[in-house]
J.: 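First, the structure itself, so that you have it in front of you.
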Amino acid sequence: MPYRSPDRRAITPQGRGRYPGFDVLAQVDLWDDVTAGAVLARLSHPTGLSFFTVAEVAVAAPLLDLLLAQDAEPRVPVLELIDERLAVGETDGWHYDTMPEDGDAWRRTLACLDEDAHSRFGRGFAELAPDQQAALVQAVQDTDGDWHGLTAAQVWSLWTRYACTAFYSHPWAWNEIGFPGPAYPRGYLNLGVDAREKWEQRDDEPADPVTAGRRVEQARREHAELLDRGTR
Amino acid sequence: MKGEAAVRARNESAWLLPNDGSRTNHRLREDMRHHDLDDEVDLVVVGAGAGGAVLTQRLARAGWRVVCLDAGPFWDPDRDWVSDERGSHGLYWTEPRQIGGADPVPLGSNNSGRGVGGSMVHYAGYTPRFHPSDFRTRTADGVGADWPIAYAHLRPYYEAIEAELPVAGQDWPWGDPHRYPHSPHPVGGNGDIFLRGASAAGIEARVGPVAIANGRFGNRPHCIYRGFCLQGCKVNAKASPLITHVPDALAHGAEIRADCHVSRVLVDDDAGRVTGVTYLHRGREYRQRARAVAVAGYSIETPRLLLLSATPRYPDGLGNESDQVGRYLMVQGAPQSAGRFDEEVRMYKAPPPEVSSEQFYETDPTKPYKRGWSIQTVSPLPITWAEHVVAQGHWGSVLREYMRDYVHWATLGSLCEFLPQAGNRVTLGDETDRHGLPVAHFSYSQCDNDKQLLAAAQTTMEEILTAAGAREVITIQRFAHLVGGARMAARPQDGVVDADHRVFGVAGLHVVDGSTLPTQGSANPGLTIMALAARAADRLIAGARVGLAHQAAS
């Protein structure tokens, strides 16, 4: 197994998770080498960006942090993973005929979000407080139909698709959700409800997300309304 | 075993794979027969997926000189595939395409394959048959279309392909009741929940049918229940043409040229018949001469190629004199409902395809809508599961909280029989690909019957999950599969090919893939596409015996 320093074990993004000590990477010697290579590559922290301009990073970085609630270290390098994809044009191929191709769509929507920040708060998106940024992001999600000449739902789909694909491809995110990652050639032996392999970790804090989620979203909307009254 | 010996005698693919823990017979590929470009081969097949690969294998066995061209790579599961969701991007057709209409259908990972094996490399593995009613929905239900062939014509081919894949499942009570060559697989948590909920709700469900051998099959090993069927089976347990038909095709003299993007079907305008194809390989254009061409590029690329092959005699594209090319393209409405359980389900374990029900497949005369839907287990991995959560409007900390709860959710999916409509079609778009060729534009809009099926299917899935004990249920609207776009019809005014897959008005041109289906039922189309290709091969072989005059008469 490749060497890992003790402080790099069982990491979860922002130190949150429900499976204490669960460490997907502890099983890397049971994976095939091609898969291991693909997953381990996500751990080497990229040092530079190729696709996004400096002005775009100023909008994209806080936007992605908000979408995924990455408000502290350690962070999955979502911005860097998306930049890498767009730099080599690794899109899903298809795009809505009402949207430009994905790279251009990212550039254009980041600029539009910055424009929203200026027109509503008089400053760039990067300079706003997180609750102001969140209110602008929420407004895009709540828009029914047109947003700066694009379809808001298609913009939301673009942002969340790229963000979630990057975040949930990372072994730290798998530690957080109890997913063991690659399974070849190891496979699974114990199938069925409440059946676990001996190396799978039980959910330590089983909490139904539905009720808590409703509360957070209610609060988020009320806060956005308060902000709205303050700026008008 | 008697059954396996019979399969081996007509298709030796599973025995031509290595049995040493590696997954590819490299020697077979190195020793592949090569044809000259100027050699007028008997048939060029465009695309090595469910249709093209089966056609190639059958005709190679019959002694035809066949060259099969595929735009993507000749996969080696050991070298090219990963046991990882994000890393499987290369399995999908990601050349640019435009989508539009009132209900645009995303392509890529959802329904579009690439390389030798086609979309079956990343399909889940469900291989149900169509029902007899699917072949005559116009007569029986007043919707859709009648096929120019009946279920009975396809039945022997269903049986043959089910044995060659082979398919595992319980005795099947729906449609034309039948048995499967392999017994059903054990199920994981997701399958357990479906069986439990269906039983409590009074709905019939069965384990299968999946094209995953239950036990060794030839040199293909047993499934290891690792759950990455949609990322390409590194084990060689799940069937795809790459391992079920390509090895035998190569052993019988077929040539499969990978990384060859066919750009045009060539026709002699005076004679009104095909002469070959042009294709692009590593930046160069080549031309392969052929006596006949079978297009098998699936529902988006097949119409696109026919449209791109226009000539002075065929100004609107080949087979398009009646403006039928690209039309009546169908997807299935595929809402997926997930339920939250206090127990741990861990749906990522075991193959996503486990249990299904066809109880609601047929028209129910007491309902306002026609035709129906099927229900199957689906088991989204984390990135896809995030789509389910995002579709509920969650983001930020709420998204993360739902995702942390991943192991407690079970997911079911429906396949709703959307009806064929003339306006749902492929045309050439206003942008070009890296070869400078216009890309496909795919427009889709649902009709009222489609929408009613979606709502009814969602209600039934939520009932099953609730009956199984789910505390919360969430549903996402998705689409699955592609068929139609160059459909089979009795008359040129109604379709692109005849009952024997011959393109109307162009001698020597055939379409042998999912685009020829006039209706789609609520079944996953892979098995039916393979069965049609096996039948098309028999018709071609029979046609060759009576001479070219008969073919030209079409």
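Residue numbers begin at 1 in each chain, while the letters A, B, ... track the order of the sequences.
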J.: Using every non-hydrogen atom in the two residues, find where B:Gly188 and A:Leu191 come nearest and quote the distance to one decimal.
T.: CA-CB, 3.8 Å

J.: Sequence neighbours left out, what passes ring-ring contact (aromatic ring centres under 6.0 Å, His included) with B:Tyr92? Give chain and number order.
T.: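 Expected list: B:His122.
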
J.: Might you work through the side-chain contact (heavy atoms from CB on, under 4.5 Å) test for A:Tyr168 and B:Leu381, ending with a clear yes or no?
T.: CA-CA 9 Å; A:Tyr168 289 104; B:Leu381 291 173; over 6 Å; no

J.: Under the 3.5 angstrom rule, does the side chain of B:Ser397 hit a backbone N or O of A:Ala69 as a donor-acceptor pair?
T.: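 Side chain of B:Ser397 to backbone of A:Ala69: no pair is present.
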
J.: Starting from the C-alpha separation in whole Å, work towards a yes-or-no answer on side-chain contact (heavy atoms from CB on, under 4.5 Å) for B:Arg196 and A:Val193.
T.: CA-CA 11 Å; B:Arg196 186 207 288 179; A:Val193 172; 4.1 Å; yes

J.: With chain B, which of A:Leu67, A:Thr12, A:Val216, A:Asn190 has the greatest number of heavy-atom pairs at distances under 4.5 Å?
T.: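 Max contact count across the listed options: A:Leu67.
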
J.: Who wins among B:Gln98, B:Met403, B:Glu343, B:Glu401 for the most heavy-atom pairs under 4.5 Å with chain A?
T.: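 Most heavy-atom pairs within the cutoff with chain A belong to B:Met403.
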
J.: Below 4.5 Å, heavy-atom pairs only: which of B:Gly191, B:Gly393, B:Ala410 has the largest tally toward chain A?
T.: B:Gly393

J.: Compare every heavy atom of B:Val390 with every heavy atom of A:Cys164, then report the nearest pair and how far apart it is.
T.: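 Smallest heavy-atom distance, with atoms named: SG-CG2, 3.9 Å.
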
J.: Contact part of A:Asp208 toward chain B, heavy-atom cut-off under 4.5 Å: side chain, backbone, both or neither?
T.: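 Both parts, heavy atoms under 4.5 Å.
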
J.: Determine the minimum heavy-atom distance between B:Pro106 and A:Trp94, stating which atoms define it.
T.: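 Here B:Pro106 and A:Trp94 meet closest at CB-CZ2, 3.5 Å.
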
J.: Answer whether the closest heavy-atom distance between the side chains of A:Val210 and B:Tyr402 falls below 4.5 Å.
T.: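 Yes. Closest side-chain heavy atoms under 4.5 Å.
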
J.: Do NZ/NE/NH1/NH2 and the carboxylate oxygens of B:Lys234 and A:Asp32 come within less than 4.0 Å?
T.: yes

J.: What part of B:Val235 is in contact with chain A, defined as an atom under 4.5 angstrom from a non-hydrogen atom: side chain, backbone, both or neither?
T.: both

J.: Once you round to the nearest 0.5 Å, how far does CZ of B:Arg404 lie from OH of A:Tyr19?
T.: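 The OH atom of A:Tyr19 is 10.0 Å from CZ of B:Arg404, to the nearest 0.5 Å.
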
J.: So which residue, B:Glu95, B:Glu387, B:His408, B:Arg471, ends up with the most heavy-atom pairs under 4.5 Å with chain A?
T.: B:His408

J.: Heavy-atom distance under 4.5 Å to chain B: side chain of A:Glu101, backbone, both or neither?
T.: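 When you check distances to chain B, no heavy atom of A:Glu101 falls under 4.5 Å.
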
J.: Please name all residues satisfying ring-ring contact (aromatic ring centres under 6.0 Å, His included) with B:His185, sequence neighbours left out, ordered by chain then number.
T.: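 B:Tyr225.
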
J.: Flag the one option from A:Gly37, A:Gly93, A:Pro206 with the top tally of heavy-atom pairs under 4.5 Å to chain B.
T.: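 The residue among A:Gly37, A:Gly93, A:Pro206 with the greatest pair count is A:Gly93.
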
J.: Grab the two heavy atoms, one from B:Val82 and one from A:Ala38, that are nearest each other, plus how far apart they are.
T.: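 For B:Val82 and A:Ala38, the tightest heavy-atom pair comes out as CG1-CB, 4.3 Å.
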
J.: Using non-hydrogen atoms only, which part of A:Gln141 is less than 4.5 Å away from chain B: side chain, backbone, both, or neither?
T.: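 The answer is the side chain of A:Gln141.
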
J.: Donor-acceptor pair, B:Glu344 side chain versus A:Arg202 backbone, under 3.5 Å?
T.: no

J.: Evaluate the side-chain proximity of B:Arg79 to A:Val34: yes if any heavy-atom separation is below 4.5 Å, no if none is.
T.: no

J.: Return the CD to CZ distance between A:Gln70 and B:Arg400, rounded to the nearest 0.5 Å.
T.: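 Here the rounded value is 6.0 Å.
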
J.: Starting from the C-alpha separation in whole Å, work towards a yes-or-no answer on side-chain contact (heavy atoms from CB on, under 4.5 Å) for A:Arg186 and B:Arg226.
T.: CA-CA 8 Å; A:Arg186 177 195 64 201; B:Arg226 102 198 136 105; over 6 Å; no

J.: Can you tell which of B:Ala386, B:Gly429, B:Pro382 has the highest number of heavy-atom pairs within less than 4.5 Å of chain A?
T.: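 Sorted descending by pairs with chain A, the first entry is B:Pro382.
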
J.: Just distance, no hydrogens or angles: give the donor-acceptor pairs under 3.5 Å from side chains in residues 437-445 of chain B, sequence neighbours left out.
T.:
| from | atom 1 | to | atom 2 | distance (Å) |
| --- | --- | --- | --- | --- |
| B:His441 | NE2 | A:Asp97 | OD2 | 2.7 |
| B:Tyr444 | OH | B:Val331 | N | 3.2 |
| B:Ser445 | OG | B:Ala102 | N | 3.1 |

J.: Under 4.5 Å from any heavy atom of chain A, what part of B:Ile474 do you find: side chain, backbone, both or neither?
T.: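 For B:Ile474, no heavy atom lies under 4.5 Å from chain A.
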
J.: Measure distances from A:Ala195 to the heavy atoms of chain B and classify the residue's part below 4.5 Å as side chain, backbone, both or neither.
T.: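 Answer is backbone: N, CA, C or O of A:Ala195 sit under 4.5 Å from chain B.
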
J.: Under 4.5 Å from any heavy atom of chain B, what part of A:Arg220 do you find: side chain, backbone, both or neither?
T.: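 The answer is the side chain of A:Arg220.
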
J.: Could you give the distance from NZ (B:Lys349) to CD (A:Glu197), rounded to the nearest 0.5 Å?
T.: 4.0 Å

J.: Considering only heavy atoms and a distance below 4.5 Å, find which of A:Gly17, A:Gly192, A:Gly187, A:Gly213 pairs most often with chain B.
T.: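 Highest number of heavy-atom pairs under 4.5 Å: A:Gly192.
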
J.: Quick one: what part of B:Gln231 sits under 4.5 Å from any heavy atom of chain A, side chain, backbone, both or neither?
T.: neither

J.: What closest approach, in Å, do A:Trp174 and B:Asp84 show between heavy atoms, and which atom pair accounts for it?
T.: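 Between these two residues, the closest heavy atoms are CH2-OD1, 3.3 Å.
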
J.: Going through the checks in order, is the side-chain contact (heavy atoms from CB on, under 4.5 Å) test met by A:Asp92 and B:Ser109?
T.: CA-CA 7 Å; A:Asp92 293 325; B:Ser109 63; 5.8 Å; no

J.: Of the backbone (N, CA, C, O) and the side chain (C-beta and beyond), which part of A:Pro185 lies under 4.5 Å from a heavy atom of chain B, both, or neither?
T.: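 For A:Pro185, backbone heavy atoms alone lie under 4.5 Å from chain B.
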
J.: Relative to chain B, which segment of A:Ala134 carries a heavy atom at a distance below 4.5 Å: side chain, backbone, both, or neither?
T.: both

J.: Can you tell which part of B:Trp81 gets under 4.5 Å to a heavy atom of chain A, answering side chain, backbone, both or neither?
T.: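 Answer is backbone: N, CA, C or O of B:Trp81 sit under 4.5 Å from chain A.
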
J.: Taking the side chain as every heavy atom from C-beta outward, state whether B:Glu431 and A:His95 have any atom pair closer than 4.5 Å.
T.: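 Yes, side chains in contact.
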
J.: Search all heavy atoms of A:Ile177 against all heavy atoms of B:Tyr406 and return the closest pair with its distance.
T.: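 That closest heavy-atom pairing would be CD1-CD2, 4.0 Å.
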
J.: Under 4.0 Å between a Lys/Arg side-chain N and an Asp/Glu carboxylate O for B:Glu472 and A:Arg214?
T.: yes

J.: Look at the rings of B:Phe228 and A:Phe179 and say which category their plane angle falls in: under 30° parallel, 30 to 60° tilted, over 60° perpendicular.
T.: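 It falls in the tilted class, 30° to 60°.
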
J.: If contact means a heavy atom pair closer than 4.5 Å, which residues of residues 151-163 of chain A contact chain B?
T.: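 The stretch touches chain B at A:Trp156, A:Thr160.
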
J.: Pick one of side chain, backbone, both or neither for B:His89, based on which atoms fall under 4.5 Å of a heavy atom in chain A.
T.: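 Side chain of B:His89 only, per the 4.5 Å heavy-atom cut-off to chain A.
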
J.: Is it the case that over 12 heavy atoms from other parts of the model lie below 6.0 angstrom from the CG atom of A:Asp144?
T.: no

J.: What residue, out of B:Val398, B:Asp80, B:Ile99, B:Thr94, has the most heavy-atom pairs lying under 4.5 Å from chain A?
T.: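 Most pairs with chain A among the choices: B:Ile99.
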
J.: What is the distance from atom OH of A:Tyr184 to atom CG of B:Asp78, rounded to the nearest 0.5 Å?
T.: 5.5 Å

